[in-house]
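One structure below.
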Amino acid sequence: MTREQFERLQKPFLARPALLRALRGADKAITALVYLAYPALLAALLFSRDGRFLRCVLVPGVSFVAVSALRRALNFPRPFAKLGFSPLLQKDKPGESFPSRHVFSVFVIAFAFYYTFAPAGVVLTVLGVLLAVIRVVGGVHFPRDVVCGAGLGAACGAIGFFLVPG
């Protein structure tokens, strides 16, 4: 995307402070919801002595460490840093844009829910898509960052929860 395309996406939010607050609030709310839902899932599995607990810890944990190392090694610039505009979402770090770790995390956690309670996995997938859009509109990720984050999260989840024998 170009600077002009990002600016066109952001223009309605800059013209309407309430819409900008809603965008920022949705970014924080989705992130918080996912990061609260995941420990709640782990707690429920642990307390019910469910044998899926360890896999639900290891698959997202190992995947998160791997994607974090990949981001650090690649260190792609964020759109606002590369194209020179102000992002709508607060972000101080100009690098480590690819892949989106927020979107990656939502998708790999969604697969933990598909593995244990599929309806919640569907809800988290929808929230992951919404978060991906918000992160692009907010100017902190390019579309490729969120698409790859979602794809890697889904791939790690599918492989770790459904393809690797338990």
Side-chain angles (χ1 to χ4, degrees), residues 1-41 59-114 119-161:
M1 286 182 69
T2 65
R3 177 184 177 143
E4 293 75 25
Q5 290 171 316
F6 274 105
E7 288 173 344
R8 239 187 341 269
L9 278 177
Q10 294 179 344
K11 189 175 182 178
F13 295 91
L14 293 170
R16 296 176 190 88
L19 196 55
L20 179 57
R21 282 192 303 277
L23 180 81
R24 290 174 175 162
D27 180 61
K28 289 185 187 308
I30 292 169
T31 302
L33 178 68
V34 173
Y35 294 140
L36 290 173
Y38 178 58
L41 170 66
V59 171
V62 169
S63 300
F64 185 82
V65 169
V67 85
S68 295
L70 175 67
R71 278 168 44 106
R72 197 171 305 113
L74 296 174
N75 198 27
F76 282 23
R78 293 185 181 272
F80 66 87
K82 183 174 183 176
L83 302 175
F85 64 88
S86 295
L88 299 179
L89 301 176
Q90 190 67 26
K91 199 69 176 173
D92 296 329
K93 188 187 293 188
E96 296 185 18
S97 182
F98 177 85
S100 168
R101 197 166 50 193
H102 274 80
V103 175
F104 169 86
S105 297
V106 174
F107 276 82
V108 77
I109 290 169
F111 271 80
F113 276 94
Y114 280 121
V122 173
V123 171
L124 288 178
T125 300
V126 171
L127 290 174
V129 171
L130 181 56
L131 184 64
V133 171
I134 289 168
R135 305 294 287 176
V136 171
V137 171
V140 295
H141 284 293
F142 287 103
R144 65 151 196 249
D145 302 339
V146 298
V147 169
C148 288
L152 285 172
C156 289
I159 292 166
F161 290 114

Fill in the blank from the handout: G128 and V106 have their tightest heavy-atom pair at CA-CG1, 3.4 Å
Problem - Separation between CD1 of I109 and CG of L127, rounded to the nearest 0.5 Å - result: 11.5 Å
Practice task
Give, for atom OG of S97 and atom CZ of F80, the distance between the pair rounded to the nearest 0.5 Å.
Solution key: 8.5 Å
Handout entry: R135 vs L131 side-chain heavy atoms within contact, under 4.5 Å
Key = yes
Practice task
For D145 and P99, indicate whether the former's side chain and the latter's backbone hold a donor-acceptor pair under 3.5 Å.
Solution key: no
Handout entry: Any F161 side-chain heavy atom under 4.5 Å of P60 side chain
Key = yes
Handout entry: Side-chain donor or acceptor of Q10 paired with backbone N/O of V137 under 3.5 Å
Key = yes
Problem - Rounded distance (nearest 0.5 Å) linking atom CG of L130 with atom CD1 of I30 - result: 4.0 Å
Exercise for the section: Report the distance from atom CD of E96 to atom NZ of K91, rounding to the nearest 0.5 Å. Expected result: 9.0 Å
Handout entry: Centroid-centroid under 6.0 Å between F6 and F85 rings
Key = yes
Practice task
Given side chain to side chain contact (heavy atoms under 4.5 Å, CB included), test L70 with L152 step by step and report yes or no.
Solution key: CA-CA 11 Å; L70 175 67; L152 285 172; 4.3 Å; yes
Exercise for the section: To the nearest 0.5 Å, tell me how far L83 CG sits from E4 CD. Expected result: 8.5 Å
Problem - N/O donor-acceptor pair under 3.5 Å between R24 side chain and L88 backbone - result: yes
Practice task
May I ask you to test the F111-C156 pair for a side-chain heavy-atom distance under 4.5 Å?
Solution key: no
Handout entry: Side-chain (H141) to main-chain (F98) donor-acceptor, under 3.5 angstrom
Key = no
Exercise for the section: Might you point out which heavy atoms bring N75 and G95 nearest each other, and give the distance in Å? Expected result: OD1-CA, 3.5 Å
Problem - Least distance between heavy atoms, A150 atom then V103 atom - result: N-CG1, 3.6 Å
Handout entry: Donor-acceptor contact below 3.5 Å, side chain R78 vs main chain P94
Key = no
Handout entry: F107-Y114 aromatic ring centre distance below 6.0 Å
Key = no
Exercise for the section: Heavy atoms only: give me the nearest L23-G138 pair and the separation to one decimal. Expected result: CD2-CA, 4.4 Å
Exercise for the section: Grab the two heavy atoms, one from Y35 and one from S105, that are nearest each other, plus how far apart they are. Expected result: OH-CB, 3.3 Å
Practice task
Indicate yes or no: at least one non-hydrogen side-chain atom of F64 is less than 4.5 angstrom from one of S68.
Solution key: yes
Exercise for the section: Compare every heavy atom of R144 with every heavy atom of F76, then report the nearest pair and how far apart it is. Expected result: CD2-NH2, 3.3 Å
Problem - Spacing of CZ belonging to R16 relative to NZ belonging to K11, to within rounding of 0.5 Å - result: 10.0 Å
